[in-house]
Student: 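Here it is, the structure, as structure tokens.
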Amino acid sequence: MAEKKTIAVLGATGAQGGGLVRAILCDPQGGFAVRAITRNKDTDKARELAKLGAEVIAADIDDPEGLKKAFEGAYGAYCVTFFWAHFSPEREMAEVQAMAMAAKNAGLKHVIWSTLEDTRKWSPLSDGSIPTLHGKYKVPHFDAKGESNHFFSDLGVPTTFLLTSFYWDNFVSFGMGPQKGPDGKLAITFPMGDKKLPGIAAEDIGKCAYGIFKRGGEFVGKTVGIVGESLTGAQMAAGFSDLLGKEVAYNSISPEIYRSLGFPGADDLGNMFQFKRDFNEYFCGARDAAFSRSLNPELQDFNAWIRNNKSAILGTQSAASA
Ligand SMILES: NC(=O)c1ccc[n+]([C@@H]2O[C@H](COP(=O)([O-])OP(=O)(O)OC[C@H]3O[C@@H](n4cnc5c(N)ncnc54)[C@H](OP(=O)(O)O)[C@@H]3O)[C@@H](O)[C@H]2O)c1
């Protein structure tokens, strides 16, 4: 039997990387092996991956030497950064540069880089409608990723640039699910007006990435966008209403109000939603559900995600009313 191709996966204990690790391990005849990268091999999550059959190694994205070792001998790598761990676009760009260097040094045959748009190509700094943040960004956690694409191209690393979508899991883990307003009624709140928000089950991102690796070099040098389904706030609220058996409204607020909500990163996310709203035709058009399903036949649409996560969603409701 031919030797398996090893994929080194960053963020292996997290949302995107975890989905890819499990997708590879669930397909033992698929021709791939997985090297799960974590900062600490002794956590429950890391041990669980080892138990499932992953090679687990320790490396930190901020340690270029460790990254080089983590990629050595592998066929490919899944590269993702963790903006919300530090909120620094400059640090994120340095991390991508180190990943690209490590991929080059290891002679990887295929890297998938989990990127996003540099929104300044659509809304330049001179455009006052979306406020400029930190003097040079519109949506820092998007712009830093998009600006970093060149690190891979400049070094000639065979790379697929993967545009991901909003995780529906944010409804459970990020407090974005239905919440009671001052009127006592449940609502989800977004500054998207009547525009569609491309969304995806986080687990499906890794499954789509596995589909890309399985298709060999077909998407090397290409940008591909993945999505489970693109829905308006009203459509998502209707899905929650069905699940909960009581009305959930869609509370469409302005990006200005969203930016002022006061939680860490509210300005960045307010700008992000405004970008998705104001350039909606481009943004939705860059992410195709039929294509995503061709990579991952188990791709969930919103209703499937809601059904599969019913108890977690209901849990957020009982926690809120406790
Ligand atoms: N939330 C969304 O809707 C959404 C949508 C699209 C894109 N994104 C992007 O997704 C990225 C995050 O990916 P994710 O959601 O998969 O992350 P995640 O679930 O937060 O997982 C991150 C994992 O990476 C590891 N990690 C954290 N810091 C690390 C470091 N310095 N070195 C090595 N490993 C480190 C951690 O594992 P250990 O503790 O085991 O090391 C952690 O389990 C962000 O950049 C965000 O902008 C998010």
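Both counts, for ligands and for their atoms, begin at 1 and track the order of listing. Heavy-atom basis, side chains included; hydrogens, waters and symmetry copies ignored.
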Student: Counting from 1, what ligand 1 atoms have a heavy atom of Thr13 closer than 4.0 Å?
Tutor: 36 (C), 37 (O), 38 (P), 40 (O), 42 (C), 43 (O)
Student: Specify the protein heavy atom at minimum distance from atom 39 (O) of ligand 1: its residue, its atom name, and the distance to 0.1 Å.
Tutor: Arg39 NH2, 2.8 Å
Student: Heavy atom of Glu92 under 4.0 Å from ligand 1?
Tutor: yes
Student: Report the part of Trp84 in contact with ligand 1, treating N, CA, C, O as backbone and CB onward as side chain, heavy atoms under 4.0 Å; options are side chain, backbone, both, neither.
Tutor: side chain
Student: Between Ser165 and ligand 1, which part of the residue brings a heavy atom under 4.0 Å of the ligand: side chain, backbone, both or neither?
Tutor: backbone
Student: Given side chain to side chain donor-acceptor pair (under 3.5 Å), test Gln16 with Tyr167 step by step and report yes or no.
Tutor: CA-CA 10 Å; Gln16 297 190 25; Tyr167 307 170; 2.8 Å; yes
Student: Glu92 vs Thr81, test: side chain to side chain donor-acceptor pair (under 3.5 Å). Steps then yes/no.
Tutor: CA-CA 7 Å; Glu92 188 168 37; Thr81 43; 2.7 Å; yes
Student: Pair Tyr78, Phe213 - check ring-ring contact (aromatic ring centres under 6.0 Å, His included), show working.
Tutor: CA-CA 10 Å; Tyr78 187 76; Phe213 280 124; 7.3 Å; no
Student: Report yes or no: does Ala59 have a heavy atom closer than 4.0 Å to ligand 1?
Tutor: yes
Student: May I ask you to identify the nearest protein heavy atom to atom 7 (C) of ligand 1, giving residue, atom name and distance to one decimal place in Å?
Tutor: Thr164 OG1, 3.4 Å
Student: Considering only heavy atoms from C-beta outward, does the side chain of Met101 approach that of Phe71 to under 4.5 Å?
Tutor: no
Student: Establish, yes or no, whether a centroid distance under 6.0 Å links the rings of Tyr137 and Phe142.
Tutor: no
Student: Report, in ascending order of atom number, the atoms of ligand 1 lying under 4.0 Å from any heavy atom of Lys145.
Tutor: 44 (C), 45 (O), 46 (C), 47 (O)
Student: Which of the numbered atoms in ligand 1 are below 4.0 angstrom from a heavy atom of Asn170?
Tutor: 1 (N), 2 (C), 3 (O)
Student: Residue-level breakdown please: for Ala46 versus ligand 1, do any non-hydrogen atoms fall below 4.0 Å on the side chain, on the backbone, on both, or on neither?
Tutor: neither
Student: Can you list the ligand 1 atoms lying under 4.0 Å from a non-hydrogen atom of Asp62?
Tutor: 31 (N)
Student: Any idea which of Val9, Thr81, Thr115, Asp42 brings a heavy atom closest to atom 45 (O) of ligand 1?
Tutor: Thr81
Student: Using every non-hydrogen atom in the two residues, find where Leu10 and Cys79 come nearest and quote the distance to one decimal.
Tutor: CD1-CA, 4.2 Å
Student: Identify the closest protein heavy atom to atom 40 (O) of ligand 1: which residue and atom is it, and at what distance?
Tutor: Thr38 OG1, 2.5 Å
Student: To which protein heavy atom is atom 4 (C) of ligand 1 closest, and what is the distance rounded to 0.1 Å?
Tutor: Tyr167 CE2, 3.2 Å
Student: Any idea which atoms of ligand 1 are less than 4.0 Å away from a heavy-atom of His141?
Tutor: 47 (O)
Student: Out of Ile61, Asn40, Leu269, indicate the one that has the non-hydrogen atom closest to atom 33 (C) of ligand 1.
Tutor: Ile61
Student: Checking a contact table here: which protein heavy atom is nearest atom 17 (O) of ligand 1, and how many Å away?
Tutor: Phe82 CD2, 3.9 Å
Student: Does any part of the side chain of Leu52, heavy atoms only, come nearer than 4.5 Å to the side chain of Val21, both counted from C-beta?
Tutor: no
Student: Taking the six-membered ring for Trp, are Phe219 and Phe291 ring centroids under 6.0 Å apart?
Tutor: yes
Student: Between Phe302 and Phe240, is the gap from one ring center to the other below 6.0 Å?
Tutor: yes
Student: Pick one of side chain, backbone, both or neither for how Asp60 approaches ligand 1, counting any non-hydrogen atom pair under 4.0 Å.
Tutor: both
Student: Please determine which of Ile112, Asp288, Leu163, Leu162 meets the side-chain contact (heavy atoms from CB on, under 4.5 Å) test together with Val224.
Tutor: Leu162
Student: Run the numbers for me: atoms of ligand 1, each under 4.0 Å from some heavy atom of Phe83, listed by number.
Tutor: 44 (C), 45 (O)
Student: Does Ala15 approach ligand 1 within less than 4.0 angstrom via side chain, backbone, both or neither, non-hydrogen atoms only?
Tutor: both
Student: Would you verify that at least one protein heavy atom lies under 4.0 Å from atom 20 (O) of ligand 1, or report that none does?
Tutor: no
Student: Go through ligand 1 atom by atom and flag the ones less than 4.0 Å from a non-hydrogen atom of Gln16.
Tutor: 7 (C), 8 (N), 9 (C), 10 (O), 13 (O), 16 (O)
Student: Are any non-hydrogen side-chain atoms of Asn280 and Tyr282 less than 4.5 angstrom apart?
Tutor: no
Student: Over all heavy atoms of both residues, which pair between Val111 and Ala103 is shortest? Give the atoms and the distance, please.
Tutor: CG2-CB, 3.8 Å
Student: Which ligand 1 atoms does Gly11 reach within 4.0 Å, using its non-hydrogen atoms?
Tutor: 23 (C), 24 (O)
Student: Looking at side-chain heavy atoms only, is the closest gap between Pro191 and Ser254 below 4.5 Å?
Tutor: no
Student: Examine Phe279 together with Phe283 and report whether their ring centres are nearer than 6.0 Å.
Tutor: no
